[in-house]
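Computed from a predicted structure; not experimentally measured.
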Amino acid sequence: MRVALVLVGLALGCEPPATRPIYSGDYGTPYAGEPAPGPPRTVDPSSLGKLDDRFVDFAFDGGQLEFAMYRDGDHVVQLVRSHYAVPVMIAWSLTSLENLAPSGPTSGVAFLPPAAEPSGAGAAVVLAEMRELDRTQRYRRELQFKARFGDPRARPTPYIYGLPYPHGLTFSVLQGFHGSFSHRGSNEFAVDFDCPVATPVLATRPGVVVVANAAAQGSGTTPEFLDYKRTNFVLIRHDDGTLGEYMHLSPSGIGVTPGQRVERGQQLALSGNTGYSSTPHLHFQVMTAAEDGITARSFPFEMAVAPRRVEAPMQGQRYAAWE
């Protein structure tokens with residue numbers, strides 16, 4: 001009998017209290033220029049013997065992560081494969097090994113190559129190899145991981161972003177760059193606009209939708225709302241590889257699908273109040289995954305806030321959409 005126990009950490013929102021060590025996010029360690037992990041070791045799973053265990057997690061519109069254990073004799077291999085059309089970084093560890101002896105590291109950071117299309121199959125990446133000690137007994141391990149969307153090598157090219165709501169509407173910036181409530185670490189250069197629920201959300205830059213979630217309900221500032229699955233969002237991959245992140249959207253209010261090309265000013269969704277949020281608003285930032293697989297790297301940006309005025313959105317300022 002083959003047994004696989006799983007503990008999963010999904011990284012997106014603010015870092016929870018220390019009593020929840022699996023999760024890390026917005027208040028996590030800021031990007032510090034760590035060297036990127038080496039190229040992933042990819043394999044053809046059919047060459048690894050018998051499939052002993054398979055499960056999926058980190059699943060949203062656009063894909064999921066697939067974990068599998070293969071065994072050939074006493075040789076056991078832990079694989080992971082991304083089904084997203086965008087790179088994913090994961091920090092992983094195998095613990096509580098029973099009847100297994102590791103043949104190498106039992107923790108690390110891995111770059112998961114993207115699939116060719118949403119929900120397609122990316123390359124299978126080897127995380128760990130082990131040896132089964134007694135083939136008459138079951139074996140067991142616990143897998144923990146944290147994940148971030150994006151290629152850590154991506155850097156923004158010069159671009160002046162549009163305001164994310166339609167012409168004629170005016171909203172204030174509730175929280176700007178370095179905001180004390182939650183814009184630190186992974187969210188350092190995020191901007192929160194005080195859009196009421198059901199405000200149309202527009203693309204600030206052209207790109208391709210790579211991931212979305214429209215299933216979340218409710219909001220709050222307690223730890224359970226920090227989970228990625230508790231907020232509705234759209235991620236747009238720009239032509240430079242960075243991601244535009246639109247968060248706290250209305251349930252079932254997303255009008256685009258993964259794989260769809262969108263243009264500047266095109267409607268993506270309706271704003272809302274889902275996830276880690278104390279009031280209805282729209283969160284936007286330009287980001288990618290950091291090299292540690294746990295945090296994100298947030299990039300500063302400027303917006304065309306008036307016909308002849310370009311600036312980084314300032315907390316407390318009101319901006320009227322004009323395009």
Would you say T42's side chain and V125's backbone share a donor-acceptor pair under 3.5 angstrom?
no

Do S298 and E188 have side-chain atoms, one donor and one acceptor, less than 3.5 Å apart?
no

Quiz question: by atom type and distance under 3.5 Å, do the side chains of Y159 and R264 form a donor-acceptor pair?
yes

Electrostatic pair D292-R297, nearest N-O below 4.0 angstrom
no

Considering non-hydrogen atoms only, spot the tightest contact between A85 and R237 and give its length.
O-NH1, 2.8 Å

Could you check whether any side-chain N or O of W92 sits under 3.5 Å from a backbone N or O of A128, counting only pairs where one atom can act as donor and the other as acceptor?
no

Looking at every non-hydrogen atom in both residues, tell me the closest pair between T199 and Y165 and how far apart they are.
CG2-CB, 4.3 Å

S219 and N273 side chains, donor-acceptor separation under 3.5 Å
yes

Taking the six-membered ring for Trp, are the ring centroids of F67 and F58 within less than 6.0 Å of each other?
no

About how many Å separate CZ of R131 and OG of S103, when rounded to the nearest 0.5 Å?
7.5 Å

Considering all heavy atoms, the nearest A216-T274 contact
O-CG2, 3.9 Å

State, with a plain yes or no, whether a side-chain heavy atom of D52 is found less than 4.5 Å away from one of Y139.
yes

Residues in ring pair (Phe, Tyr, Trp, His ring centres under 6.0 Å) with H281, at least two apart?
H248

Working for salt bridge (charged side-chain N to carboxylate O under 4.0 Å, His left out), residues D57 and K146
CA-CA 11 Å; D57 211 310; K146 305 170 187 178; over 6 Å; no

For the pair F301 and F189, evaluate ring-ring contact (aromatic ring centres under 6.0 Å, His included) and give the outcome as yes or no after the intermediate values.
CA-CA 8 Å; F301 59 91; F189 296 106; 8.5 Å; no

Name every donor-acceptor pair, under 3.5 Å, that has one atom in a side chain of residues 201-214 and the other anywhere in the protein, sequence neighbours excluded.
| unit_1 | atom_1 | unit_2 | atom_2 | d |
| --- | --- | --- | --- | --- |
| T204 | OG1 | Y246 | OH | 3.1 |
| R205 | NH1 | Y161 | OH | 2.8 |
| R205 | NH1 | D240 | OD2 | 3.1 |
| R205 | NH2 | T157 | OG1 | 3.2 |
| R205 | NH2 | D240 | OD2 | 3.2 |
| N213 | ND2 | T231 | O | 2.9 |

Worked verdict on R318 versus D194 for salt bridge (charged side-chain N to carboxylate O under 4.0 Å, His left out)
CA-CA 10 Å; R318 289 172 60 80; D194 68 343; 5.2 Å; no

Counting only N and O atoms by type, is there a donor-acceptor contact under 3.5 Å from the side chain of N232 to the main-chain atoms of L249?
yes

Do R54 and E66 sit within salt-bridge range, that is, some charged N less than 4.0 Å from a carboxylate O?
yes

With no hydrogens and no angle check, do the side chains of Y319 and E311 hold a donor and an acceptor under 3.5 Å apart?
yes

Determine, using ring centers only, whether F60 and Y84 are less than 6.0 Å apart.
no

Side-chain donor-acceptor pair under 3.5 Å between S47 and D44, yes or no?
no

Is it the case that E323 and H167 place a side-chain donor and acceptor less than 3.5 Å from each other?
no

Is the backbone N or O of S82 less than 3.5 Å from a side-chain atom of Q64, with the two atoms forming a donor-acceptor pair by type?
no

